[in-house]
Number of protein chains: 2
Amino acid sequence: MPSYTAPVKDLQFVLQNLLNVAEVDVPGYGDLDAGFTAAVLEEAGKVARDVLAPLNMVGDREGCHLENGIVRTPTGFKAAFDAMKDGGWTALDCDPDYGGQGLPYVMGTAVGEIFVSANMAFNMYQGLTHGAYSAIHAHGTDAQKATYLPKMVTCDWTGTMNLTEPQCGTDLGLMRTKAIPQADGSYLVTGTKIFISAGDHDLADNIIHLVLPNAPGGGDGIKGVSLFIVPKVLVNADGSLGARNAVSVGKIEEKMGIHGNATCVMNYDGAVGYLLGDLHKGMRAMFTMMNEARLGVGLQGYAVAEAAYQNAVLYAKDRLQGRAVTGVENPNGPADPLIVHPDIRRNLMDQKSFVEGARAFTLWGAHLIDRSKRSGDHAAEGMISLLTPVIKGFQTDKGFDMAVAAQQIWGGHGYIEDGGMSQFARDARIAMIYEGANGVQALDLVGRKLAADGGKPVMAFFAMVKDFIKENEDDAVLKDGFLEPLKKASKDAQAAGMYFAANGMKNPNDALAGSYDFMHLMGHVCLGLMWARMAKAAYAGLAAGGDAAFLEAKIATGRYYMARHLPATALHLARIQTGAEPVMALGAEAF
Amino acid sequence: MPSYTAPVKDLQFVLQNLLNVAEVDVPGYGDLDAGFTAAVLEEAGKVARDVLAPLNMVGDREGCHLENGIVRTPTGFKAAFDAMKDGGWTALDCDPDYGGQGLPYVMGTAVGEIFVSANMAFNMYQGLTHGAYSAIHAHGTDAQKATYLPKMVTCDWTGTMNLTEPQCGTDLGLMRTKAIPQADGSYLVTGTKIFISAGDHDLADNIIHLVLPNAPGGGDGIKGVSLFIVPKVLVNADGSLGARNAVSVGKIEEKMGIHGNATCVMNYDGAVGYLLGDLHKGMRAMFTMMNEARLGVGLQGYAVAEAAYQNAVLYAKDRLQGRAVTGVENPNGPADPLIVHPDIRRNLMDQKSFVEGARAFTLWGAHLIDRSKRSGDHAAEGMISLLTPVIKGFQTDKGFDMAVAAQQIWGGHGYIEDGGMSQFARDARIAMIYEGANGVQALDLVGRKLAADGGKPVMAFFAMVKDFIKENEDDAVLKDGFLEPLKKASKDAQAAGMYFAANGMKNPNDALAGSYDFMHLMGHVCLGLMWARMAKAAYAGLAAGGDAAFLEAKIATGRYYMARHLPATALHLARIQTGAEPVMALGAEAF
């Protein structure tokens, strides 16, 4: 069975050396000194190791089962869920007014990585609850907040998001679910929603479904869409549970992975629903939560890769096969461990340098969300809106690739389910699809985010990269290994932006045909920036007498990423600059 | 359920327009006129569509089961296997002296693609039999050939290959299985072999296991390894079946994919075995079959991608979602089909241009094997030995990537097992691992094949590329779109070779750290060469009044590959030229 150890030292490096959270002028950050964050992460690591990780393969093997209309989660999930609740882990970054601990989102994100690495499918039950909590917190009336939030903060009640229907995924204008207003101000919701993660289960007393139907009076399609609270069990005026609502599970989907989480077809048959936020502004309400939700999926991308990486390393050190070409390294054994072989090392370095870079990028993103929400920093909001599709799309693509790479280290044993490496790959695969498939992320980035706010966020991004390079250009140790590759990559990204600007107005397909490559190009620039910043922080740490082995490994890992991955920007730029012509040359009938 | 239609037109193009098989001076090729090859491929296509493809998902769902020591294959497999036998499909390229039809290997390979696309797991039962047939045909005594081959040609008896043991995969020197000689000249084989595909099943009367144990007198490790025939049921002198041999199935592995094929732990407990070929030359005997076996796996890479691609196209044409940014294309529907969107088109073009390029590369490889075996062409043998790790490693990596890309087209429905797209990805994954993991292919390419025969094959390869470019440099329609990118890619590959030559002697790790990138670099050059040749053939076909829609699509697909994929060679070269330093910078303890 795979094992998992929380990378507390590396998370601490990002929080304390890279982001310097304790010294940042954002409300709540003052408490995040190194001792406090280490204590929280260590405790989360124990829960992950002792409670969540041992259930990861159990969840995959058993899956969820629909028994007489009730979804049964895998053995041990209920006890583990109770342990998470009792430990207060579900309330970490929730509003103290509703029982939360009020920690910054960056801290919730760091802890979230640990839980996702240990058991992605399990963690979705609370992750989706957090999303629904955020929606009600942002858009609910005081009465709605008082009714639902305290129970959702503790996960006594969990939450879901209901968008997709059989005939509509990305294109929510095709929606058929309807909400009919009643005399008492409530609505009756009727329709079928599919792919509802944690749609039903036996972990909580109630499930608060957030459902997007069409409500009358707003016109057809996307314009009439409104957001509704549809509880599984209706809540009485005194807060006690009342009658069962007319919502039921049609079936549980059989999926490639995340078997421990129940993906349900949900049938709403005149279920009582309560409008959340403004009528016909359902899409706008969804958008306010989108950055967090997509950052959470981008986190899944690298968090699963981290778990897979740890087990690839264990295997590479343990499995004896062949001899180092430069001379025997394990003379007392029948062969050397796999890790002596350069191509195994290349593979492990790919994984390590991606995961550590993505960790920094994601936590920086979470920090930008804190700046935006806690300090009302408009520029930070623009920046995270720009970067969200990159965090989601780039990191889940690469996270899957790296889980597959980790599986490869195990050879034939990686293909056998007993080893657990297949599960990492199968679980990681979904993150490229849900919460907006990665092609949609690329479209969002190129079609909306580049031009958002008159292009201010994207100009601010490149100015930030340029400023960093300029500020450090006299730093000899950073120059060749970090600043030069970053400068080159950033220039490629800007050239791509120029290409889109020059051609995309005339022919939008010239921009859209390169959107996926641009998302990956930007991903490389972002991780390159993170690595350059981390190298600077690591050199500063060395000068201050920090942990030399750790800091030197950090710098070497960064040098690897810069030398071997940043050159990919030229390839992406070359593809972008071919424009739409080769992409669209064939008529549909030629496929 | 996914569907499958054999790409007969494209296979015909490769056989008749690219390879011109009917005009090639190789024994047996004279019969391969267009009418004959089309008839064979059409018939194979019917079997694939009507018999094999409908069982693909059945095999995945049911898997194989061990019942009282006997492996039961999924529902319908036995009837389908009998249909394949009755149709003579198992005997296509086998020796007529033993009941085969004697067709060239290139034809067996073209038909093989069709069967693998339709049902990869099913086709392994006969694929492994063919491998064992080839080994006995190449190394058996006349008596052994007479005893086993006629039954294996018809698949009345199937075959297996037994190399891997729990403690040894790539490093066969760690082998523990022993063969002890008996007075009658036979041996008793004892040990455990794992990952034995088609190790047991209910499709045939007997299974002829080829087993690699250590035989006394040859020294420890790889030097003592010999190859043995170990029948499941012993064969009497008159050819009838006798007593059950002491070989049994320990268990069936649960795998990520290819569930329809039984992957067995095989226990040999003093099983009677017969030496095949020379004592202590087991590895050499294995090597003689390696090019074919690895080409067969490289074929699986693109054949599964072809099946996934076909279903991605069907979905992209059928699923309505969003509107084309350049204007509504389906005004009578609620939305446009996915295929109007540039990023969907990019994804489909990636798949299509890879699959068609890989098809050409693989059939050219099969043709080289025919030249080598049927005409004794030493240069062809050198060339295919050089290119085999590229066919296997590059094509299975990309084939998996493309199966994943096809799955992505289906969005959330691609993650649900009902749709069948997940199975393509899970099945394709194994091809990167078995028959020598792809890292081992890269090692073989850089560590052995580049220097083989004094470097003659690799020099011949680059001379061939150069000659093709020179011969066609006045051809304006080929120049920009095909010859220039090919020239650039070939230069990058040669620069990589120069880097290895200059640095690899001093520090072998400088070559090995770049081996994986070199395998992919060469893959791009090879597919680039194929596309340039196909474009030339397509232009010639157009000039001769051929099928304009097909030939123009072929040229456009090639231009896409050249413009958007060939530039990857610069990235691979940049990585190679970083050498071992960044790859090996960290000590093992830093992982």
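Here is the naming used below: chain letters follow the sequence lines, and residue numbers restart at 1 for every chain.
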Side-chain heavy atoms of A:T326 within contact of B:N509, under 4.5 Å: yes
Greatest number of heavy atom pairs closer than 4.5 Å to chain B - which of A:L172, A:V313, A:L174: A:L174
Sidechain-backbone polar pair: B:K352 side chain, A:F591 backbone, donor-acceptor under 3.5 Å: no
Winner by heavy-atom pair count (cut-off under 4.5 Å) against chain B, out of A:R346, A:Q310, A:R429: A:R429
Heavy-atom proximity to chain B below 4.5 Å, by part of A:Y309: side chain
Salt-bridge criterion met for A:D517 and B:R564 (N-O under 4.0 Å): yes
Pairs of heavy atoms under 4.5 Å with chain B: top-ranked of A:G322, A:A556, A:A335: A:G322
Structural part of A:A324 lying under 4.5 Å from a heavy atom of chain B: neither
Minimal non-hydrogen separation, A:V583 against B:M349, with atom names: O-CG, 3.7 Å
Donor-acceptor contact below 3.5 Å, side chain A:Q321 vs main chain B:G169: yes
Of all pairs that satisfy ring-ring contact (aromatic ring centres under 6.0 Å, His included), the ones with a partner from residues 414-436 of chain B, not counting sequence neighbours: none
Atom group of A:Q351 that falls short of 4.5 Å from chain B, counting heavy atoms: neither
Heavy-atom proximity to chain B below 4.5 Å, by part of A:L320: backbone
A:L512 versus chain B, the contacting section by heavy-atom distance below 4.5 Å: both
Salt bridge (Lys or Arg N to Asp or Glu O under 4.0 Å) against B:R426, all qualifying residues, sequence neighbours excluded: B:D60, B:E417
A:A580 versus chain B, the contacting section by heavy-atom distance below 4.5 Å: neither
Residue that, paired with B:P567, satisfies side chain to side chain contact (heavy atoms under 4.5 Å, CB included) out of A:T578, A:L571, A:L573: A:L571
Residue, of A:C168, A:S515, A:G411, A:A549, that accumulates the most heavy atom pairs under 4.5 Å with chain B: A:C168
B:I416 side chain reached by A:E254 side chain, heavy atoms, under 4.5 Å: no
A:F400, part contacting chain B, at a heavy-atom distance under 4.5 Å: side chain
Heavy-atom closest contact (B:V325 atom, A:P508 atom, distance): CG1-CB, 3.8 Å
Toward chain B, the part of A:D350 with a non-hydrogen atom under 4.5 Å: neither
Steps toward side chain to side chain contact (heavy atoms under 4.5 Å, CB included) verdict (B:M432, A:Q407): CA-CA 11 Å; B:M432 298 158 69; A:Q407 184 187 20; over 6 Å; no
Pairs of heavy atoms under 4.5 Å with chain B: top-ranked of A:T557, A:T569, A:I430, A:T170: A:I430
Contact winner vs chain B - A:H341, A:M421, A:R559, A:H413, heavy-atom pairs under 4.5 Å: A:H413
Working for side chain to side chain contact (heavy atoms under 4.5 Å, CB included), residues B:M256 and A:Q423: CA-CA 8 Å; B:M256 185 177 184; A:Q423 186 189 348; over 6 Å; no
Nearest atoms (heavy-atom pairs only) where A:Q408 meets B:N438: NE2-N, 3.6 Å
Main-chain N/O of A:L586 paired with B:R345 side-chain donor or acceptor, under 3.5 Å: yes
Per-residue contact mode, A:V340 against chain B (heavy atom under 4.5 angstrom): backbone
Proximal component of A:A563, with respect to chain B [non-hydrogen, under 4.5 Å]: both
Check ion pair A:D171-B:R319 (N to O, under 4.0 angstrom): no
